[in-house]
Amino acid sequence: MLFRRPVLQVLRQFVRHESEVASSLVLERSLNRVQLLGRVGQDPVMRQVEGKNPVTIFSLATNEMWKSGDNETYQIGDVSQKTTWHRISVFRPGLRDVAYQYVKKGSRVFVEGKVDYGEYMDKNNVRRQATTIIADNIIFLSDQTKEKE
């Protein structure tokens, strides 16, 4: 009989703590952030559906390189490379227009944004997956006047 009361108090305290933790999980912060540095693969296009939600879209290539041989001396053939293509979408009004006007094929740019996964129906009415980077910042790293056409 002496131990029942403290056990019940501890149990009530535990239950109250658990419910506080559960409610705080709903309010916890999360992060969806992407930073890419690469070269533009095509001139941007501006799209909109029924005159609403205009968006500037372009592709960006990033490269990974690694030594692929077991040789201790470096040779040009020992380097492997992988290119990854990213679809960049710019919805922010000011940035969208600047990107459309100044991003050009071959430009070197730094893009910050978030990853978005979506679905769409293709021409044959087949459901497709799409991964897009929604850009909220673009830094231009190459001078267009010096770029080769």
Side-chain angles (χ1 to χ4, degrees), residues 10-149:
V10 168
L11 186 57
R12 281 190 200 120
Q13 198 171 15
F14 177 77
V15 169
R16 184 171 54 237
H17 175 71
E18 284 298 309
S19 65
E20 288 171 3
V21 168
S23 66
S24 70
L25 289 178
V26 175
L27 301 175
E28 78 178 8
R29 303 218 25 196
S30 61
L31 181 65
N32 177 355
R33 199 85 192 130
V34 175
Q35 296 179 323
L36 298 171
L37 173 62
R39 292 218 177 255
V40 176
Q42 64 184 26
D43 287 344
V45 295
M46 178 93 64
R47 292 192 185 151
Q48 54 188 19
V49 178
E50 298 173 6
K52 296 180 181 178
N53 299 326
V55 59
T56 295
I57 300 168
F58 62 94
S59 61
L60 186 73
T62 57
N63 296 310
E64 292 179 64
M65 290 193 274
W66 64 93
K67 185 179 173 192
S68 58
D70 288 338
N71 300 337
E72 290 188 23
T73 58
Y74 174 78
Q75 294 178 1
I76 201 78
D78 292 341
V79 176
S80 294
Q81 178 177 321
K82 177 186 175 193
T83 301
T84 303
W85 288 95
H86 310 273
R87 178 186 170 99
I88 311 296
S89 297
V90 189
F91 289 95
R92 280 185 43 204
L95 187 61
R96 173 187 65 223
D97 300 332
V98 167
Y100 182 70
Q101 186 173 0
Y102 294 106
V103 169
K104 300 293 180 211
K105 180 178 179 177
S107 298
R108 189 165 160 84
V109 296
F110 176 78
V111 175
E112 288 182 295
K114 65 180 182 176
V115 178
D116 182 64
Y117 300 99
E119 292 182 344
Y120 67 95
M121 298 297 260
D122 71 6
K123 298 173 192 172
N124 300 322
N125 217 19
V126 176
R127 181 175 288 172
R128 301 281 182 186
Q129 301 284 329
T131 302
T132 304
I133 306 303
I134 308 296
D136 55 32
N137 190 22
I138 299 174
I139 298 173
F140 297 88
L141 299 173
S142 57
D143 183 1
Q144 285 301 310
T145 60
K146 295 179 183 175
E147 290 288 323
K148 295 179 182 177
E149 291 296 319

Legend entry - Main-chain N/O of Asn124 paired with Asp122 side-chain donor or acceptor, under 3.5 Å: yes
Inset, instruction - Count the heavy atoms of every other residue, nucleotide or ligand shown that sit under 6.0 Å from CZ of Arg33, and state whether that count exceeds 12. - result: yes
Inset, instruction - Go through the steps for Val79 and Gln81 under the test side chain to side chain contact (heavy atoms under 4.5 Å, CB included), then give the verdict. - result: CA-CA 7 Å; Val79 176; Gln81 178 177 321; 5.6 Å; no
Inset, instruction - Identify the two heavy atoms, one from Gln48 and one from Pro54, that lie closest to each other, and give their separation to 0.1 Å. - result: OE1-CB, 3.2 Å
Inset, instruction - Would you name the heavy atoms of Arg108 and Leu37 that are closest together and state the gap between them? - result: NH2-CD2, 3.6 Å
Legend entry - Closest heavy-atom pair and its distance - Val109, Leu60: CG2-CD1, 3.5 Å
Inset, instruction - Over all heavy atoms of both residues, which pair between Gly106 and Arg39 is shortest? Give the atoms and the distance, please. - result: O-NH1, 2.7 Å
Inset, instruction - Report the C-alpha distance between Trp66 and Lys82 in whole Å, list the side-chain angles of each, state the deciding distance to 0.1 Å, and finish with yes or no for side chain to side chain contact (heavy atoms under 4.5 Å, CB included). - result: CA-CA 9 Å; Trp66 64 93; Lys82 177 186 175 193; 3.8 Å; yes
Inset, instruction - In sequence, state the C-alpha distance, the side-chain angles, and the governing distance for Ile133 and Asp116, and then conclude on side chain to side chain contact (heavy atoms under 4.5 Å, CB included). - result: CA-CA 6 Å; Ile133 306 303; Asp116 182 64; over 6 Å; no
Inset, instruction - With sequence neighbours left out, write down each residue that passes side-chain contact (heavy atoms from CB on, under 4.5 Å) with Ile139, or none if nothing qualifies. - result: Phe110, Asn137, Leu141
Sequence neighbours excluded and cut-off under 3.5 Å, please list the side-chain donor-acceptor pairs for residues 86-94, or say none.
from: His86; atom 1: NE2; to: Thr62; atom 2: OG1; distance (Å): 2.8
from: Arg92; atom 1: NH1; to: Asp136; atom 2: O; distance (Å): 2.3

Inset, instruction - Compare every heavy atom of Gly41 with every heavy atom of Trp85, then report the nearest pair and how far apart it is. - result: CZ3-CA, 3.5 Å
Legend entry - Crowding at CE, Met121 (>12 non-hydrogen neighbours, <6.0 Å): yes
Inset, instruction - Go through the structure and list residues passing side chain to side chain donor-acceptor pair (under 3.5 Å) with Glu64, not counting sequence neighbours. - result: none
Legend entry - Nearest atoms (heavy-atom pairs only) where Val40 meets Lys104: CB-O, 3.4 Å
Legend entry - OH on Tyr102 to OG1 on Thr56, rounded to 0.5 Å: 13.5 Å
Inset, instruction - Quick one: pull up CE in Met46 and CD in Gln101 and give me the separation to the nearest 0.5 Å. - result: 9.5 Å
Legend entry - Atom pair CG (Asp43) and OH (Tyr100), whose distance is rounded to the nearest 0.5 Å: 9.0 Å
